[in-house]
Amino acid sequence: MAGGDDRMMWGKNLLLGTLLALGLSACSNFFEGGVVWGGPTVLVSRENFSLTTETDQNNNTFYNYRYTIVLYALPGSGTGTVILLDAAGNQVEAPFLIPQACPPSNRDPCGPYSREVAKRSSVPLTPVLAEKYRMVAANGQSKVVDLPAPVELY
């Protein structure tokens with residue numbers, strides 16, 4: 001009987017070892033493009049957009065852009081940083097801090113987390129679209145998330 005117990009124990013160890021190896025090999029795929037625990041998941045909008053022009057005493061024309069970027073954290077999302085990106089992955093605005101988790105029990109998103117932006121230029125600015133964002137969780141994990149639709153910032 002002792003030989004049978006040894007074979008059974010060896011079989012259990014083999015099974016556990018195989019499951020552990022499969023689990024560890026999947027971790028890089030799981031976190032690389034998959035779930036990031038505790039990071040913010042947000043809705044993004046631009047509000048209160050205005051464009052004005054002014055001419056100074058030297059007859060120079062300036063274009064003044066003003067708008068507010070508004071983020072709402074979805075229920076169940078965590079704390080961290082949100083960095084708005086264009087289609088090429090370039091940062092288009094300063095990062096937003098989402099300072100507290102939005103409870104999963106909330107019916108509505110948490111927030112708003114907003115920032116007023118003012119830009120002044122001597123030439124009209126080329127439109128800039130936020131098409132995705134990089135969320136960085138408080139634990140340092142990050143992931144790029146596509147927005148459902150591009151958001152024109154200016």
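Scanning for side-chain contact (heavy atoms from CB on, under 4.5 Å) contacts around L74 gives T41, L43, P109, with sequence neighbours left out. Partners of D108 under the side-chain hydrogen bond (donor to acceptor under 3.5 Å, both in side chains) rule, at least two apart in sequence or in another chain, do not exist in this structure. Every residue was checked against the salt bridge (charged side-chain N to carboxylate O under 4.0 Å, His left out) condition with R66, not counting sequence neighbours, and none meets it. For E54, the side-chain contact (heavy atoms from CB on, under 4.5 Å) partners at least two apart in sequence or on another chain are F62, N64, R120. Applying the side-chain contact (heavy atoms from CB on, under 4.5 Å) criterion to E47, with sequence neighbours excluded, gives S45, V70.
The distance from atom CG of L85 to atom CD of E93, rounded to the nearest 0.5 Å, is 11.5 Å. Taken from OG1 in T52 to OH in Y63, the straight-line distance is 11.0 Å, to the nearest 0.5 Å.
Listed here is the closest heavy atom pair of P127 and E152: CB-OE2, 4.0 Å. When every heavy atom of P103 is checked against every heavy atom of A101, the shortest pair comes out as CD-O, 3.6 Å. Closest heavy-atom contact between I69 and F96: CG2-CZ, 3.5 Å. What you find for V136 and G140 is that their closest heavy atoms are CG1-O, 4.2 Å. When every heavy atom of M135 is checked against every heavy atom of P40, the shortest pair comes out as CB-O, 3.4 Å. Between P75 and C102, the shortest heavy-atom distance links the atoms CA-SG, 3.6 Å.
Cluster annotation: V145 and L153 are assigned to the same hydrophobic cluster (Ile/Leu/Val/Met/Phe/Trp/Tyr, side-chain heavy-atom contacts under 4.5 Å, transitive). Taken together through direct or relayed side-chain contacts under 4.5 Å among Ile, Leu, Val, Met, Phe, Trp and Tyr, L84 and V144 form parts of separate hydrophobic clusters. Hydrophobic clustering keeps L97 apart from V44 (ILVMFWY residues linked when any side-chain heavy atoms are closer than 4.5 Å, directly or through intermediates). Linking ILVMFWY residues whenever their side-chain heavy atoms come closer than 4.5 Å, directly or via other members, places V117 and F49 in the same cluster. Y133 and Y72 fall into different hydrophobic clusters, where Ile, Leu, Val, Met, Phe, Trp and Tyr are joined by side-chain heavy atoms under 4.5 Å apart, directly or via other members.
Y113 places none of its side-chain heavy atoms less than 4.5 Å from the side chain of V42. Annotation: side chain of I98 is not in contact with side chain of T79 (no heavy-atom distance under 4.5 Å). With contacts defined as side-chain heavy-atom distances shorter than 4.5 Å, the pair Y154/R46 does not qualify.
Residue pairs meeting the salt bridge (Lys or Arg N to Asp or Glu O under 4.0 Å) criterion with at least one partner in residues 124-137, sequence neighbours excluded, are absent.
Heavy-atom neighbours of N58 CG from other residues, nucleotides or ligands within 6.0 Å: above the threshold of 12.
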